[in-house]
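One structure below.
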Amino acid sequence: METIFYQNLIKIKNLICFDLALTLDCGQAFRWKEDENGCWSGVAFGKFIRILQKDDELCFFGATREDFYGIWLPYFDLERDYERLCEGFCEDISMKEAVTSYPGIRILHQEPWEALCSFIISQNNNIPRIKGIIERLCQSFGEKLPCGEYTFPTAQRLSELSVEELATIRAGFRAKYILDAAKKTACGEVKLDLLSSMPIEQARQELLKIKGVGNKVAECTLLYGCGRMEAFPEDVWVKRVMAELYPQGLPACVGENRGIAQQYLFHWRRNKN
DNA sequence: TGCCAGGATGATG
DNA sequence: CATCATCATGGC
């Protein structure tokens, strides 16, 4: 890939194994919106960005060079060799079908707190409603940026709220879980910053301290929020794949990248019904 | 209308 | 240790 810097635009050419729409709307992040021109906009790490993919080019509008390297390159996992990765996956016949059916999915590197909070909200819930709850959460308790969009509220901010004050976002029974996560994160009882470097099992146990966080939410947080590609969140769809195709575990070609394989399997199986 | 949603919890067998 | 109702809301 080749990166070109213009006045107010950063363009990547010759990018392979990358599908912007698929990556932003495959159930790993919930805040991105597509406009009528196919341009995606959203906020991550407190920064607003607009991104357009067309004709083998990826355009970042309104990003500084510093944020491009510091935020967006890692956010979209653009430094990982997905071509080689997916070639390896394709040694297994079912993984090959999943990868070739929906090529270009990348695992986002979101903020740990946003990932944790988002997947607490996701439990026993559907994606349209998850998006609505998170949008109200940000509008109510995030910070307004000049563009009019809101940042994801900090754990510190949410830890000061009561369940009654949180009722406006209509998270239902999950409200108390959000507050417990916010309090334990804000006071340092759960150290989200350390999860990326801890042994994976220890990191999972750390997250299980939070009420409303089970294995699924913990693994989602580690995968999407801590860059732990070996984390393996199992939901109803992935469990179905595992029961039907891999009763004895994932094929060896998946290696340590279980989380990435899981995302392809999830999306593939979910769109089959 | 009834069913389901990228689950977790506490109570029961 | 496995199962099960329940949780609150909206989309279809």
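In what follows, chains carry the letters A, B, and so on, assigned in the order in which the sequence lines appear, proteins first and then strands, with residues in each chain numbered from 1.
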Quick check for you: among C:dA8, B:dA8, C:dG10, whose closest atom lies nearest to any side-chain atom of A:K216? B:dA8

With A:R50 as the cation and A:F61 as the aromatic partner, state whether NZ or CZ is under 6.0 Å from the six-membered ring centre and within 45° of the axis. yes

What pattern of brackets, bars and dots sums up DNA chain C from 5' to 3', given Watson-Crick or G-U wobble pairs under 3.5 Å, [ ] for crossing pairs and | for another strand? |||||||.||||

Using whole Å, report how far CD of A:E234 lies from C1' of B:dG6. 12 Å

If we take the P atom in both B:dG6 and C:dC4, what is their distance in whole Å? 23 Å

Distance-only polar pair, side chains of A:E206 and A:Q202, donor-acceptor under 3.5 Å: no

Applying salt bridge (Lys or Arg N to Asp or Glu O under 4.0 Å) to A:E219 and not counting sequence neighbours gives A:R204

May I ask you to evaluate whether A:R174 reaches the phosphate of C:dA8, defined as a side-chain N or O under 4.0 Å from OP1 or OP2? no

Heavy atoms only, 4.0 Å cut-off, all strands: where does A:F30 land among base, sugar-phosphate and nothing? nothing

Mind checking side-chain contact (heavy atoms from CB on, under 4.5 Å) for A:L245 and listing every partner two or more places apart, or none if nothing turns up? A:S94, A:V241, A:W268

If you check the A:V217 side chain, which of B:dA8, B:dA5, B:dG6 turns out closest? B:dA8

Tell me, with the steps shown, if A:E34 and A:D25 meet side-chain contact (heavy atoms from CB on, under 4.5 Å). CA-CA 10 Å; A:E34 185 182 25; A:D25 206 19; over 6 Å; no

Can you tell me which nucleotide in B:dG6, C:dC7, C:dT9 comes closest to the side chain of A:F173? C:dC7

Within 45° of the axis and under 6.0 Å from the centre of the six-membered ring of A:F5, does NZ or CZ of A:R65 qualify? yes

